[in-house]
Amino acid sequence: MLSPLRFGVLGVADIAVRRTLPALATIPGEAALVAVASRVLPRAVELADEHGVRAYGSYAALLADPAVDAVYLPLPAGLHGPWIERCLLAGKHVLAEKPLAVDHATTVRLLRLAAGRSLVLAENMTFPFHSQHAAVSRLVAQGRIGELCSLHASFCVPPRPDGDIRYQAALGGGSLLDQGVYPVRAALLHLGSGLRVDSAALRHDPVRDVDLGGTARLRGPGGVEARLEFGMDGEYRCHYELTGTRGSIRVERAFTTPPEMTPQVWLQSGSGASHALELGADDQFARCLSAFVAQVRTGVAPGGDSRHQAALADDIRSASYLTSGSSL
Ligand SMILES: NC(=O)c1ccc[n+]([C@@H]2O[C@H](COP(=O)([O-])OP(=O)(O)OC[C@H]3O[C@@H](n4cnc5c(N)ncnc54)[C@H](OP(=O)(O)O)[C@@H]3O)[C@@H](O)[C@H]2O)c1
């Protein structure tokens, strides 16, 4: 039997503490946390002590640890690319937070660097791993909503605290890269990779120089359409809806379903009334981690979805006209 893949974490990030490390602890046969690094040693020590693992006061020190096979990288978006590169050059597999990099060219370059070194680089885009989305895909494939015509997806969150990494242009902040990549990924998941951006708009904060939200309209083969919205300046919205010629499917809390939550998926088919599907809870973070471990074990790491997502994010940015968003 293979021993668990040994993970180190770069940065005591909220998402690591709240979601990824608890999920990692649920798959002990597959993966184990062995080290934590922070720019501030006491912060690393506090988290490392909770898990009974080694602490480092710099990211470079963790990368020099030969007992670390793979790095989980939950840094601000603008630091993903540079630190992914350093991890790969140090011979580590990398599971990086979304997005892998701030643009398509860097994403492609990093995936090639990983492949050239026989290392796995994967994006911790977890929601597609929740079994509810495969259930949705099966219903579509069975023709339960007829011919698929459109997807409408939203991921919007209320304003973040001042000083949040998402408000800092130098750290790759902005809503497109933070929330926008989720509806983009939902479109790729259900409509495939042949999508093109028709039009887009970003609400730009002139003081912080980041986008606070936006919308995009995409079109796919056969005229199928995606309408996407994202933001960090309004009410919480986290859902998608697929509409077909004879019905629709709506998924609530689509991108952030907690592991204990019963999925909220409604099907309206033909002349029938809309009804909730009976689906089981699932831990999308644990499933994503398991998939990463399997990729390391088999040496097969597709990376295609991350590439397409990065290309569409680039296209949304360049197709966008800017409106002025509010600034604090
Ligand atoms: N997959 C998901 O569902 C999901 C959900 C939320 C967030 N995320 C992603 O995870 C990443 C982190 O998000 P978060 O909300 O967890 O952020 P966060 O709490 O602010 O954590 C970011 C960490 O990055 C490190 N860091 C290094 N240089 C930094 C700098 N110059 N300024 C600030 N922090 C710096 C810090 O760790 P040290 O000080 O310990 O070194 C910090 O704790 C982002 O890329 C975000 O998009 C993913």
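As a basis for the values below, the full set of heavy atoms in this structure was taken, side chains included, without hydrogen atoms, waters or symmetry mates. Just so you know, ligand 1 is whichever comes first in the structure, and atom 1 is the first atom listed for that ligand.
- By the neighbour-count criterion of 12 heavy atoms within 6.0 Å, atom CD of Q142 is densely surrounded, having more than that number from other residues, nucleotides or ligands.
- In terms of protein heavy-atom proximity, atom 39 (O) of ligand 1 is closest to R43 NH2, 2.3 Å.
- For R18, no nitrogen or oxygen atom sits less than 3.5 Å from a nitrogen or oxygen atom of ligand 1, counting backbone and side chain alike.
- With a 4.0 Å cut-off on non-hydrogen atoms, L171 touches ligand 1 through its side chain and not its backbone.
- Looking only at heavy atoms of the protein, atom 44 (C) of ligand 1 is closest to L75 O, 3.5 Å.
- Nearest to atom 2 (C) of ligand 1 by heavy atom, out of Y182, F127, F255, is Y182.
- For S38 (side chain) and L41 (main-chain N/O), no donor-acceptor pair under 3.5 Å exists by modelled atom type.
- Proximity annotation for atom 15 (O) of ligand 1: of Q168, R166, Q284, R166 comes nearest, heavy atoms only.
- Using modelled atom types, one finds a donor on one side chain and an acceptor on the other under 3.5 Å when comparing D65 with Y56.
- Protein heavy atom at the shortest distance from atom 25 (C) of ligand 1 is Y59 OH, 3.3 Å.
- Counting only heavy atoms from C-beta outward, the side chains of H239 and R253 never approach each other to under 4.5 Å.
- By the criterion of a heavy-atom distance under 4.0 Å, the side chain of L79, and not its backbone, is placed next to ligand 1.
- The shortest N/O to N/O separation between I15 and ligand 1 falls below 3.5 Å.
- Nearest protein heavy-atom contact of atom 12 (C) of ligand 1 is P74 O, 3.2 Å.
- Shortest contact from atom 24 (O) of ligand 1 to any protein heavy atom: P76 CD, 3.3 Å.
- Distances from ligand 1 to the non-hydrogen atoms of I165 include at least one value under 4.0 Å.
- Proximity to S38 (heavy-atom distance under 4.0 Å) selects the following atoms of ligand 1: 38 (P), 39 (O), 40 (O), 41 (O).
- Looking only at heavy atoms of the protein, atom 19 (O) of ligand 1 is closest to D14 N, 2.9 Å.
- Sorted by first and then second residue, the salt bridge (charged side-chain N to carboxylate O under 4.0 Å, His left out) pairs with a member in residues 94-122 read E85-R109, K98-D178; sequence neighbours excluded.
- By the criterion of a heavy-atom distance under 4.0 Å, both the backbone and the side chain of R39 are placed next to ligand 1.
- For ligand 1 and D178, the ligand atoms under 4.0 Å from any heavy atom of the residue are 46 (C), 47 (O).
- Protein heavy atom nearest atom 43 (O) of ligand 1, with residue, atom name and distance: V12 O, 2.9 Å.
- Atom-to-atom distance recorded for R287:CZ and F129:CZ is 10.5 Å, nearest 0.5 angstrom.
- With sequence neighbours left out, the side-chain hydrogen bond (donor to acceptor under 3.5 Å, both in side chains) criterion links D314 to R317.
- Two residues are said to be in side-chain contact when any heavy atoms from C-beta on lie closer than 4.5 Å; L63 and R86 meet this criterion.
- Q132 and Q264 share no donor-acceptor pair across their side chains, judged by distance under 3.5 Å alone.
- Using a 4.0 Å cut-off between heavy atoms, L10 makes no contact with ligand 1 at all.
- Put simply, the side chain of R227 does not reach to within 4.5 Å of the side chain of T215, judged on heavy atoms.
- Between M125 and C288 there is no side-chain heavy-atom pair separated by less than 4.5 Å.
- At least one heavy atom of H80 sits less than 4.0 Å from an atom of ligand 1.
- With atom 10 (O) of ligand 1 as the reference point, the heavy atom nearest to it among K98, R160, E97 is part of E97.
- Looking only at protein heavy atoms, the nearest one to atom 21 (O) of ligand 1 is A13 CB, 3.1 Å.
- Inspection of the T20 and Y72 side chains reveals an N or O donor paired with an N or O acceptor under 3.5 Å.
- In the model, H204 has a side-chain atom that pairs as donor or acceptor with a side-chain atom of D209 under 3.5 Å.
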